[in-house]
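Predicted model, so just to flag it, every value in this text is computed and none were measured.
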Amino acid sequence: MTSWLRRKFVLPIGIILIALAGLVLANLRGVLFAIAILTGAGRPALLSDAHWKQPSARFRAHFPPGTPETELRQWLAYNRFVIEQPGVARRLIESLPCSEGIEVTWTAHGGRLATASATVEEAGCL
């Protein structure tokens, strides 16, 4: 490679890469924070518009009375909820800046839902 080519292209690219590496190291906490936010698990799509401490209207509309209980249980399993006792399932979503706890409660008679509710709450913030 000629010295002209090296001076014209390789040297500036090397300087840019070193500068970028310096910026990343200087802002490592910010970079790690951004990565944590971007890669954190989110809420199930059905609860994406839920507000803290208010039952989700979309969830209730998706699982109205008369829905087979097995449909709710399949949704819970697919979305990694833990059924802690009959009619109560929970999931913790660890995220930044705040983690969230989701509680799903339901009653069923004869294999069909009578009621179903999902509530999202804050479960710890930075």
Side-chain angles (χ1 to χ4, degrees):
M1 191 178 299
T2 67
S3 62
W4 175 84
L5 188 61
R6 190 175 294 140
R7 274 195 322 266
K8 190 76 170 169
F9 296 104
V10 176
L11 187 59
I13 291 173
I15 292 171
I16 291 170
L17 289 175
I18 290 170
L20 285 173
L23 284 172
V24 168
L25 289 175
N27 296 307
L28 189 57
R29 290 181 86 192
V31 170
L32 292 175
F33 185 74
I35 290 170
I37 288 173
L38 293 173
T39 60
R43 295 178 186 177
L46 186 57
L47 301 174
S48 63
D49 65 343
H51 299 285
W52 284 358
K53 297 185 179 183
Q54 296 177 9
S56 169
R58 277 182 66 199
F59 181 86
R60 197 173 282 166
H62 189 81
F63 293 108
T67 302
E69 184 181 12
T70 55
E71 285 185 26
L72 174 61
R73 287 180 173 272
Q74 288 170 349
W75 183 87
L76 292 169
Y78 178 79
N79 287 285
R80 301 185 315 271
F81 280 79
V82 175
I83 297 176
E84 296 185 348
Q85 60 188 10
V88 179
R90 291 189 176 89
R91 178 176 171 202
L92 177 64
I93 298 173
E94 297 185 48
S95 185
L96 294 175
C98 295
S99 294
E100 297 179 316
I102 303 173
E103 181 179 78
V104 174
T105 58
W106 72 95
T107 58
H109 303 291
R112 301 253 173 214
L113 294 177
T115 63
S117 180
T119 306
V120 179
E121 293 191 5
E122 178 262 319
C125 293
L126 286 180

- prompt: Would V88 and W106 count as a side-chain contact (heavy atoms from CB on, under 4.5 Å) if you check the C-alpha gap in whole Å, the side-chain angles of each, and the deciding distance to 0.1 Å?
  reply: CA-CA 7 Å; V88 179; W106 72 95; 5.6 Å; no
- request: Output, in order, the C-alpha distance, side-chain angles, deciding distance and verdict of side-chain contact (heavy atoms from CB on, under 4.5 Å) for D49 and R58.
  value: CA-CA 8 Å; D49 65 343; R58 277 182 66 199; 3.0 Å; yes
message: For E100 and E121: C-alpha separation, side-chain torsions, deciding distance, then whether side-chain contact (heavy atoms from CB on, under 4.5 Å) applies.
response: CA-CA 6 Å; E100 297 179 316; E121 293 191 5; over 6 Å; no
field: Intermediate values then yes/no, side-chain contact (heavy atoms from CB on, under 4.5 Å), L47 and I102
entry: CA-CA 9 Å; L47 301 174; I102 303 173; 3.7 Å; yes
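In this structure, P64 and A61 approach most closely via the heavy-atom pair CD-O, 3.4 Å. Between N79 and P44, the shortest heavy-atom contact is OD1-CB, 3.4 Å. In plain terms, the two heavy atoms of H109 and A114 that are nearest each other are CD2-CB, 3.6 Å.
R112 places no side-chain N or O within 3.5 Å of a backbone atom of E69 that could act as its donor or acceptor partner.
V104 has its side chain within reach of L76: a pair of non-hydrogen atoms, C-beta onward, lies under 4.5 Å apart.
For T107 and T115, the side-chain atoms include at least one donor-acceptor pair closer than 3.5 Å.
One finds the OG1 atom of T105 at 10.5 Å from the CD atom of Q85 (value rounded to the nearest 0.5 Å). Atom OG of residue S99 and atom CD of residue E122 lie 8.5 Å apart, to the nearest 0.5 angstrom. Considering CZ of R73 and CD1 of I83, their distance stands at 4.0 Å, rounded to 0.5 Å.
The ring pair (Phe, Tyr, Trp, His ring centres under 6.0 Å) check on F81 picks up W75, with sequence neighbours excluded. Applying the side-chain contact (heavy atoms from CB on, under 4.5 Å) test to V82 and every residue at least two apart in sequence or in another chain returns E84.
Contacts classified as disulfide (SG to SG under 2.5 Å) and involving residues 77-119 (residues at least two apart or in different chains) are given here: C98-C125.
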